[in-house]
Amino acid sequence: MRIDIISVVPDLMRSPFEGSIMKRAQDAKLVEVHFHNLRDYTTNNYKQVDDYPYGGGAGMVLMIEPIDTCISELKAARDYDAVIYMTPDGEVLNQSKANQLSLMGNIIVLCGHYKGVDQRVRDLFVTHEISIGDYVLSGGELAAAVLCDSLIRLIPGVLGNETSALTDSFQDGLLAPPVYTRPADYNGHQVPEILTSGNTPKVEAWREEQALKITQSKRPDLLD
Ligand code: ADE
């Protein structure tokens, strides 16, 4: 998978890609991530990439020209399966959407900033609009990092144990059961006995039961 991220403040989002799973995936050549600073694509002497909205109103709007130049340059070099725009009015990201997007080859992720992008960018270039939740961030950068993390960890071979993404919360529509590690007794607080029994079918049955119980109590909407 190749991910090209377009932003006016790419430095804001580099660090999540420089550690842990996202770094490991890049080191293993399972994903390539490229950042593009929108200011590098403007012909404007002042490197201006935003302007006042027509019709008035608060905030600035990202201009179409540098975005068009950047996307066109990328598309001239290779084919893309999706141009994703991060926006609070997009489709809310969930595990099934992440599964679907993780199967793509090359994607462009466009981060909005200020009041967003000129509507013509959305009309002409964007194929998917994604929100990470019903709240407004200062820009799409952190949302893009969240989206990329959710996709990259699903690429086969990225997680050490192939099954670990499959047992994540939401993969089977349920929240994950609780987990414990050593010591089995911490100041009198015991690990559930079943987990130290060595009886794998019983452990599996316990985990399923716990997953259902936790989902019922914390997120009953998932069971509808
Ligand atoms: N940009 C600003 N807020 C956002 C959100 N909630 N999701 C995606 N992009 C955003």
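Order of appearance sets the numbers: ligands from 1, and atoms from 1 within every ligand.
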Report the nearest protein non-hydrogen atom to [atom]: residue, atom name, distance rounded to 0.1 Å.
atom	answer
atom 9 (N) of ligand 1	T87 N, 3.2 Å
atom 6 (N) of ligand 1	Y135 O, 2.8 Å
atom 10 (C) of ligand 1	P88 CD, 3.6 Å
atom 7 (N) of ligand 1	I132 N, 3.0 Å
atom 3 (N) of ligand 1	L137 N, 3.0 Å

Quiz item: Between I130 and ligand 1, which part of the residue brings a heavy atom under 4.0 Å of the ligand: side chain, backbone, both or neither?
Solution: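 Within the 4.0 Å criterion, I130 contacts ligand 1 through backbone atoms alone.
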Quiz prompt | Per-residue contact class, A143 against ligand 1 - non-hydrogen pairs under 4.0 Å | solution =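 Within the 4.0 Å criterion, A143 contacts ligand 1 through side-chain atoms alone.
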Quiz item: If you count the atoms of ligand 1 from 1 in the order shown, which ones are under 4.0 Å from a heavy atom of G133?
Solution: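 Within the 4.0 Å cut-off of G133, ligand 1 contributes 6 (N).
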Self-check item: G112 touching ligand 1 at heavy-atom level, < 4.0 angstrom
Solution: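 Distance cut 4.0 Å: G112 fails for ligand 1.
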Exercise. Give a yes/no on ligand 1: does G139 have at least one heavy atom closer than 4.0 angstrom to it?
Key: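 Yes, G139 has heavy atoms under 4.0 Å from ligand 1.
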Are any of the side-chain nitrogens in [X] or [Y] under 4.0 Å away from the carboxylate oxygens of its partner?
X	Y	result
D224	R219	no
D168	R153	yes
D123	R120	no
K23	E18	no

Quiz item: Are L103 and Y80 joined in one hydrophobic group, where the rule is that I, L, V, M, F, W and Y side chains link up if heavy atoms are under 4.5 Å apart?
Solution: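 In one cluster with L103: Y80, no.
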Quiz item: Within a radius of less than 6.0 Å around CZ of R24, do more than 12 heavy atoms belonging to other residues, nucleotides or ligands occur?
Solution: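 Yes, enclosed.
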Quiz item: With ring centroids as reference points, do F17 and F35 lie under 6.0 angstrom apart?
Solution: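 Ring-ring flag for F17/F35: true, centres closer than 6.0 Å.
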